[in-house]
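See structure below.
Residue numbers start from 1 in every chain, and the chains themselves are labelled A, B, ... in the order their sequence lines are given, proteins ahead of strands.
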Amino acid sequence: MHFKIDHTDTETSARTGVLKTDHGPIETPVFMPVGTVASVKGIHQRDLINDIHARIILGNTYHLFLRPGMDIMKKAGGLHAFMAWDKPILTDSGGYQIFSLAENRKLNAEGAEFRSHIDGSKHFFTPENVIDIQRTLGSDIMMALDECTPYPSEYKLAKTSMELTHSWLDKGLKHLKNTASLYGHHQFYFPIVQGSTYNDLRKISAAYVAEKNCEGNAIGGLSVGEPTEDMYEMLEVVNGILPIDKPRYLMGVGTPANILEAIALGTDMFDCVMPTRNGRNGMLFTSEGIINIRNEKWKDDFTLIDENGHSFVDRTYSKAYLRHLFVSKEMLGPQIGSLHNLAFYLWLVDEARRKIQEGLFKDWKKEMVLKLSTRI
RNA sequence: GGGGGGAUACCAAAGUGGCCAACUGGGGCAGACUGUAAAUCUGCUGGCGAACGCCUUCGUAGGUUCGAAUCCUGCUCCCCCCA
């Protein structure tokens with residue numbers, strides 16, 4: 001068994017655990033910084049490890065396949081070696097690009113035909129070849145190819161889309177058995193639940209996925225524009241069906257409040273571009289609330305970025321200085337913003353883990369959710 | 001001393017009788033961002049007002065005209081060339 005739950009909350013469905021990979025253990029709940037093209041934008045690997053203690057990061061099959069390409073990846077000896085990162089990596093399969101690059105692709109039962117957003121070249125992604133690509137990348141957790149159903153979707157379309165994802169899952173699982181890791185470490189394969197915002201579809205999908213008995217399971221197609229309440233409702237339905245003893249990964253979520261609520265509903269793993277993208281654009285999640293560091297009111301505020309923050313940037317630079325960097329369009333500004341936000345996210349999820357273990361999670365979560373949505 | 005060109009909002013710059021409170025950039029102010037085609041995108045930026053709108057503006061003082069940033073005259077200032 002690769003996943004071990006070490007604590008279960010009595011008041012909520014939250015739990016803590018450890019997922020063991022050949023690149024090290026992942027304590028859950030966990031937030032995974034997004035490093036789409038073999039880089040968590042603006043952040044050194046050294047800072048991810050030494051400063052903010054990231055345990056696992058993401059890469060992306062579609063993006064890395066197009067550039068630098070699999071020839072380079074083979075020569076490099078896989079993504080870990082290529083990017084000098086020897087901790088766990090999860091690679092998304094390209095399912096999200098089916099959603100976000102919808103104008104550039106066509107779907108059928110076999111897979112997805114993509115037109116490269118870089119040079120217009122055509123590529124065909126299948127449930128099978130995205131496994132091959134992820135074998136070449138050597139990620140610790142490979143994701144199944146899915147269709148991330150857009151919101152809103154009519155019931156019939158959502159059902160068809162879900163069924164496509166299921167059929168791709170079966171093909172992927174069949175192919176998985178005929179492949180092996182190229183670099184001597186074990187690679188998990190996570191299937192993905194779809195079903196849009198329809199209760200019964202989510203139940204069907206969760207049951208379908210659960211039955212495959214994979215080492216972990218993912219929930220996709222959420223945080224794509226639906227009301228937050230709908231997301232929580234779907235999560236509750238799905239987590240009620242997914243095996244309790246396997247990690248549950250909510251893909252692409254979300255705001256700090258979203259993550260805490262999802263933890264309370266029994267979710268273990270999260271990734272989101274929000275800390276890096278928003279941090280790069282001047283929006284900071286701090287222990288006191290959300291701030292837009294570009295705002296004029298910070299121009300002569302020489303207090304630390306976040307005196308309760310957990311990155312060296314929080315204890316080194318003032319708000320006034322960081323605002324100056326943003327206003328002056330200095331690249332250090334977005335770098336500091338990104339690192340700060342990542343540190344906040346990682347702290348938040350670590351703190352949730354501690355509170356669960358201390359039996360204090362529910363009240364703490366309530367307090368935090370309120371604080372986290374405050375703009376200051 | 002002679003000749004020529006110019007003065008538009010915070011800056012630069014378009015506009016040369018009505019469609020002009022005035023294009024566009026920059027700057028400024030604010031907002032968005034959820035498995036990253038994003039270090040990106042959007043809105044506002046004379047005053048008052050939520051808005052219809054009203055009021056004051058294109059160096060300055062007059063004038064022509066139903067109507068002037070735009071045409072005419074005086075003045076002030078700036079730039080270029082010749083002496």
Side-chain angles (χ1 to χ4, degrees), chain A residues 31-43 56-64 66-67 89-105 114-120 130 139 141-151 165 190-194 218-228 231 235 249-259 261-262 267 269-285 290-299 323 325-339 341 345 375:
Chain A
F31 180 79
M32 308 180 282
V34 179
T36 306
V37 294
S39 165
V40 176
K41 292 186 190 297
I43 308 295
I56 171 171
I57 60 174
L58 259 68
N60 183 278
T61 298
Y62 168 83
H63 287 283
L64 292 170
L66 291 184
R67 195 165 56 193
I89 294 175
L90 179 151
T91 45
D92 190 23
S93 60
Y96 188 76
Q97 281 62 46
I98 290 176
F99 163 78
S100 67
L101 304 176
E103 320 84 81
N104 295 347
R105 55 73 174 162
F114 276 100
R115 201 169 270 284
S116 161
H117 70 280
I118 298 166
D119 62 6
V130 298
S139 50
I141 303 174
M142 305 185 287
M143 298 304 301
L145 187 66
D146 69 329
E147 183 190 8
C148 179
T149 311
Y151 178 87
T165 292
F190 283 17
I192 303 170
V193 174
Q194 288 290 338
I219 304 146
L222 292 175
S223 68
V224 288
E226 78 284 2
T228 312
M231 175 167 78
L235 207 48
Y249 164 32
L250 176 55
M251 306 184 77
V253 173
T255 66
N258 289 161
I259 289 174
E261 296 294 358
T267 319
M269 303 169 67
F270 304 90
D271 78 283
C272 191
V273 303
M274 190 170 274
T276 42
R277 181 183 289 169
N278 289 29
R280 207 158 58 234
N281 293 327
M283 178 178 170
L284 271 50
F285 299 94
I290 296 168
I291 72 176
N292 182 343
I293 198 64
R294 296 191 320 261
N295 287 174
E296 189 177 19
K297 63 181 172 187
W298 308 117
K299 72 178 174 188
R323 172 182 139 88
L325 294 178
F326 270 97
V327 168
S328 306
K329 297 179 167 59
E330 281 294 320
M331 66 167 92
L332 186 57
Q335 289 171 355
I336 292 172
S338 299
L339 191 55
N341 276 350
Y345 266 67
R375 294 190 72 98

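- Of the inter-residue distances, the one linking A/Met32 atom CE with A/Met251 atom CE reads 8.0 Å to the nearest 0.5 angstrom.
- As the counterpart of B/A32, B/U40 is assigned, both hydrogen-bonding distances of the Watson-Crick or G-U wobble pattern falling under 3.5 Å.
- Residue A/Thr276 is in base contact, counting any heavy-atom pair closer than 4.0 Å across all strands shown.
- Nucleotide B/A21 is matched to nothing when pairs are restricted to Watson-Crick or G-U wobble geometry with both distances under 3.5 angstrom.
- Within 4.0 Å (heavy atoms only), A/Asp271 reaches sugar-phosphate atoms of the nucleic acid but no base atom.
- Nucleotides B/C23 and B/A9 have their P atoms positioned 13 Å apart, rounded to a whole Å.
- The partner of B/C71 is B/G63, by the rule that a Watson-Crick or G-U pair needs both atom distances under 3.5 Å.
- Note on A/Glu226: nothing from the nucleic acid sits closer than 4.0 angstrom, heavy atoms only.
- Using a 4.0 Å heavy-atom distance criterion, A/Asn258 is classed as a base contact.
- Judged by closest nucleotide on RNA chain B, A/Tyr249 is the one of A/Gln335 and A/Tyr249 placed further toward the 5' end.
- Among the protein residues, A/Leu58 comes within range of the sugar-phosphate backbone only, with heavy atoms under 4.0 Å from sugar or phosphate atoms but none that close to a base.
- Note on A/Arg375: only backbone sugar-phosphate atoms sit closer than 4.0 angstrom, heavy atoms only; bases stay farther off.
- Using a 4.5 Å heavy-atom cutoff, the side chains of A/Asn292 and A/Arg375 are in contact.
- Among the heavy atoms of the strands lying under 4.0 Å from A/Val327 are primed sugar atoms or P, OP1, OP2 only; no base atom is included.
- Exactly one of A/Asn60, A/Leu90, A/Thr61 qualifies for a side chain to side chain contact (heavy atoms under 4.5 Å, CB included) with A/Met143. That residue is A/Leu90.
- Across A/His117, A/Gln97, A/Arg105, a single residue satisfies side chain to side chain donor-acceptor pair (under 3.5 Å) together with A/Tyr62, and that is A/His117.
- Taking the P atoms as reference points, B/A22 lies 34 Å from B/C77, given to the whole Å.
- Note that the first and last nucleotides of RNA chain B, 5' to 3', having any atom under 4.0 angstrom from a heavy atom of chain A are B/G27 to B/U40.
- Among the heavy atoms of the strands, none lies under 4.0 Å from A/Glu147.
- Between A/Ser93 and A/Phe190 there is no side-chain heavy-atom pair separated by less than 4.5 Å.
- Among the atoms of the strands shown, base atoms are found under 4.0 Å from some heavy atom of A/Asn104.
- With P as the reference atom, B/U42 and B/C52 are 24 Å apart, rounded to whole Å.
- Taking the six-membered ring for Trp and the full ring otherwise, A/Tyr96 and A/His63 have centroids separated by 6.0 Å or more.
- The two residues A/Met231 and A/Val253 have their closest heavy-atom pair at SD-CG2, 3.9 Å.
- As the counterpart of B/A9, no nucleotide is assigned, since no Watson-Crick or G-U wobble pattern has both distances under 3.5 Å.
- Residue A/Gly221 is in base contact, counting any heavy-atom pair closer than 4.0 Å across all strands shown.
- Spacing between B/G47 and B/C11 at atom P, rounded to whole Å, works out to 15 Å.
- Across B/G26 and B/A21, the matching P atoms stand 25 Å from one another, rounded to whole Å.
- Here, B/G28 and B/U36 have their C1' atoms 30 Å apart, quoted to the whole Å.
- Considering only heavy atoms from C-beta on, A/Tyr249 comes within 4.5 Å of A/Asp271 through its side chain.
- Base contact: A/Met283 has a heavy atom under 4.0 Å from a base atom.
- Atom name C1', nucleotides B/U16 and B/G6: the rounded distance is 14 Å, in whole Å.
- Residue A/Arg105 is classed as having no contact, given no heavy-atom separation below 4.0 Å to the nucleic acid.
- Place A/Thr149 and A/Glu330 on RNA chain B by their nearest nucleotides, and A/Thr149 ends up nearer the 5' end.
- The shortest non-hydrogen separation linking A/Ile43 to A/Leu339 is CD1-N, 3.5 Å.
- Comparing the C1' positions of B/A50 and B/C54 gives a spacing of 15 Å, expressed to the nearest Å.
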